[in-house]
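Worksheet for the structure shown next.
Ligands are counted one by one from 1 in listed order, and the atoms in each one are counted from 1 as well. No experiment lies behind these values; they were computed from the predicted model shown.
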Amino acid sequence: MSLITIAQMTDAVAILDFGSQYSQLIARRVREAQVYCELFPWDTPAQRVLALKPRGFILSGGPNSVYAPGAPYLPEYVLASGLPVLGICYGMQLLAQALGGRVAPSSHREYGRTEIALTAAPIWPPALGSTQTLSVWMSHGDRIELLPDGFIPIARSAGSPVAAMMHIQRPLYALQFHPEVQHTQHGAAILAQFVYHICNCRPSWTPENIIEQSIAQIRAQVADRTVICGLSGGVDSSVAAALVHRAVGDQLTCVFVNTGLLRKGEPEQVVATFRREQGAKLIAVDATETFLEALQGVVDPEEKRRRIGERFVRVFERVLAEQIKPANGSGRPLLCQGTLYPDVIESRGPERQAAAKIKTHHNVGGLPSQMEFELLEPLRYLFKDEVRTIGLRLGLPETLIWRHPFPGPGLAVRILGEVTWDRLERLRLADAILQEELEHAGLLRATAQAFAVLLPVRTVGVTGDERAYGEVVAIRAVTTEDFMTADWARLPSDLLARLSSRITNEVPGINRVVYDITTKPPATIEWE
Ligand code: XMP
């Protein structure tokens, strides 16, 4: 969706990202208030940010000190616009510095939960009633020593005489704490108060609006050209396909590629569900050999992703050439992908590059630079919860909408070391046992993602009376809201015992099962 289209149809807020680990959460909270917003790297050209026609700005936190040489600064157009501004943490210090206040290191650093005392101000939501203290999340080493002219303090804590401030005439507000994190009491309501009552945004980012705008935008981009949608059976590609089908009907052909890297029974199930639930054309291709050949001898995770991304595109190009009658349009064909907003945020902007390097998610970073297709990414500005909501609104079944995510490179990134057919079959069997036992225990919805991983080590064991030298399966089960941080699921020990017993008994070549008890960070959810 282009910014200009969105700006014409809905009220919006621009968030400038100064590199805080919580920046994305600000965007999620504003969207949850049904107000459209976008997160821009702080040094995005003014013209691009203003194309959104924002009704206000939010300045995120960040890891720097505003007075450090070379630190990100407040771009001039923000205050020059006269629009409301809310500075959060680093954003607050930027406002103070830009308007003549003084920011200095604090002798009393505040990290974590902190009590603040409030004084009346329009930014505090009416829901607070007569509440005068709030428990909030702080994370700062600098503080405001001297208020800029025209500002008054509206909250204080033990370590910060100015834990929040506002301008007495202009719509400028700032918070030293993070309203976007769940640990801050009434944090979401404070952000909602800013966007509704200070920026005067209407809650117009509703599922109906999202669908309507996406369809308009897809039609504008596609015109009369042919679209291919790579369908994985997961929620993102299914919702993307459903939207594109609504928008351009038979110009869309969905292609399901059996890479050989899928879970037990998955290819048959995905094709059957699609044929039952969605009216679009579907071509199913078995490309197992192509993918296995590409992965031969490869052990590096990023190289696996790159080769898989490349093969996907080649398969789509072949299907297009051999099996699809072109639509009337003669232009370049489009390839539709279910890329989500967090993928886009994590892979752009100078201060985001460190995050992007952790892993190349193939639907963003693993595509070859030379390809016949233009990309169509109708979910590019949406968060997962928004995708689920519009998926349900489009009539897709709950079982599909709530399916655990499965990575594009499939089991290839869950087989550590070389991917071979034998190892794939072993992992498929172990994973099927895990899924069956979780379902049986009624715990599928209680975990956000649960899967088996095949490790590249062999360990000694006894099978019958014989010495065995077999492979190890790790079980990974996590709880998370947003997949950016995660905790390991506290699965009942009798379930773990059953899993271990069944996997070692039923999967040939496995003589040890371990349970992964690491959070993200420091680990990631997948092992590769
Ligand atoms: P990590 O492992 O980065 O995973 O904590 C976060 C979420 O992303 C999924 N994931 C991927 N999805 N292509 C995808 O489409 C990939 O290469 C990829 N790697 C990780 C992972 O399953 C989890 O849901």
Side-chain angles (χ1 to χ4, degrees), residues 21 24 229-241 256-257 259 261-263 266 270 291 294-295 298 300-313 335-347 352-368 375 377 379-380 382-385 387-388 401-416 419 427 431 434-435 444-445 447-453 474-489 516-528:
Q21 53 178 324
Q24 216 188 101
C229 179
L231 190 83
S232 69
V235 56
D236 306 336
S237 64
S238 302
V239 173
F256 170 74
V257 183
T259 55
L261 308 169
L262 301 174
R263 290 163 293 186
E266 195 165 18
V270 169
F291 280 87
L295 291 170
V298 182
D300 177 65
E302 284 300 276
E303 183 60 16
K304 285 181 183 173
R305 284 190 168 78
R306 199 191 61 71
R307 291 193 186 206
I308 291 168
E310 209 263 341
R311 287 293 152 125
F312 263 115
V313 168
L335 178 64
C336 169
Q337 294 219 97
T339 315
L340 300 189
Y341 198 35
D343 304 329
V344 175
I345 295 173
E346 282 175 21
S347 50
R352 291 270 161 250
Q353 270 162 20
K357 272 190 216 124
I358 294 169
K359 230 171 255 194
T360 310
H361 284 198
H362 101 258
N363 53 2
V364 174
L367 291 178
L375 279 184
E377 298 178 311
L379 314 178
R380 195 180 165 75
L382 302 183
F383 288 107
K384 190 94 175 180
D385 48 342
V387 171
R388 289 203 166 111
I401 296 298
W402 290 105
R403 240 172 77 125
H404 284 179
F406 184 63
L411 299 183
V413 289
R414 293 179 179 172
I415 292 186
L416 278 61
V419 179
L427 181 58
D431 194 71
L434 170 64
Q435 303 306 329
L444 266 180
R445 277 286 283 275
T447 53
Q449 222 173 345
F451 51 88
V453 182
I475 305 286
R476 180 74 161 145
V478 295
T479 55
T480 172
E481 293 232 319
D482 53 17
F483 297 89
M484 293 180 62
T485 59
D487 195 5
W488 56 281
D516 182 350
I517 51 166
T518 333
T519 52
K520 170 183 179 177
T524 52
I525 295 174
E526 302 288 346
W527 277 46
E528 285 201 330

(request) Identify whether the distance between the nearest side-chain nitrogen and carboxylate oxygen of Glu303 and Arg307 falls below 4.0 Å. (result)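 Salt bridge between Glu303 and Arg307, a charged N being under 4.0 Å from a carboxylate O: yes.
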Examine [X] against ligand 1 and note whether any of their N/O atoms are separated by less than 3.5 Å.
X      : value
Gly408 : yes
Arg305 : yes
Gln449 : yes

List the atom pairs, donor and acceptor, that lie under 3.5 Å between side-chain atoms in residues 405-414 and the rest of the protein, sequence neighbours left out.
| unit_1 | atom_1 | unit_2 | atom_2 | d |
| --- | --- | --- | --- | --- |
| Arg414 | NE | Glu526 | OE1 | 2.9 |
| Arg414 | NH2 | Glu526 | OE2 | 2.9 |

(message) I want to confirm something. Looking only at heavy atoms, which of Ser232, Pro405, Pro407 is nearest to atom 11 (C) of ligand 1?
(response)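 Heavy atom nearest to atom 11 (C) of ligand 1 belongs to Pro407.
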(message) Quick one, Trp527 and Thr518 - any side-chain contact, counting heavy atoms below 4.5 Å?
(response) no
(message) Could you check whether any side-chain heavy atom of Thr447 comes within less than 4.5 Å of a side-chain heavy atom of His404, counting everything from C-beta outward?
(response) yes
What atoms of ligand 1 come within less than 4.0 Å of a heavy atom belonging to [X]?
X      : result
Glu526 : 2 (O), 20 (C), 21 (C), 22 (O)
Pro409 : 13 (N), 16 (C), 17 (O)
Thr524 : 1 (P), 2 (O), 5 (O)
Lys520 : 1 (P), 3 (O), 5 (O), 6 (C)

(message) Please find the pair of heavy atoms, one from Phe256 and one from Ser232, that lie closest to each other, and give the distance.
(response)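 Nearest heavy atoms, Phe256 then Ser232: CE1-O, 4.2 Å.
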(request) Just jot down the side-chain hydrogen bond (donor to acceptor under 3.5 Å, both in side chains) partners of Asp385, sequence neighbours excluded, or say none. (result) none
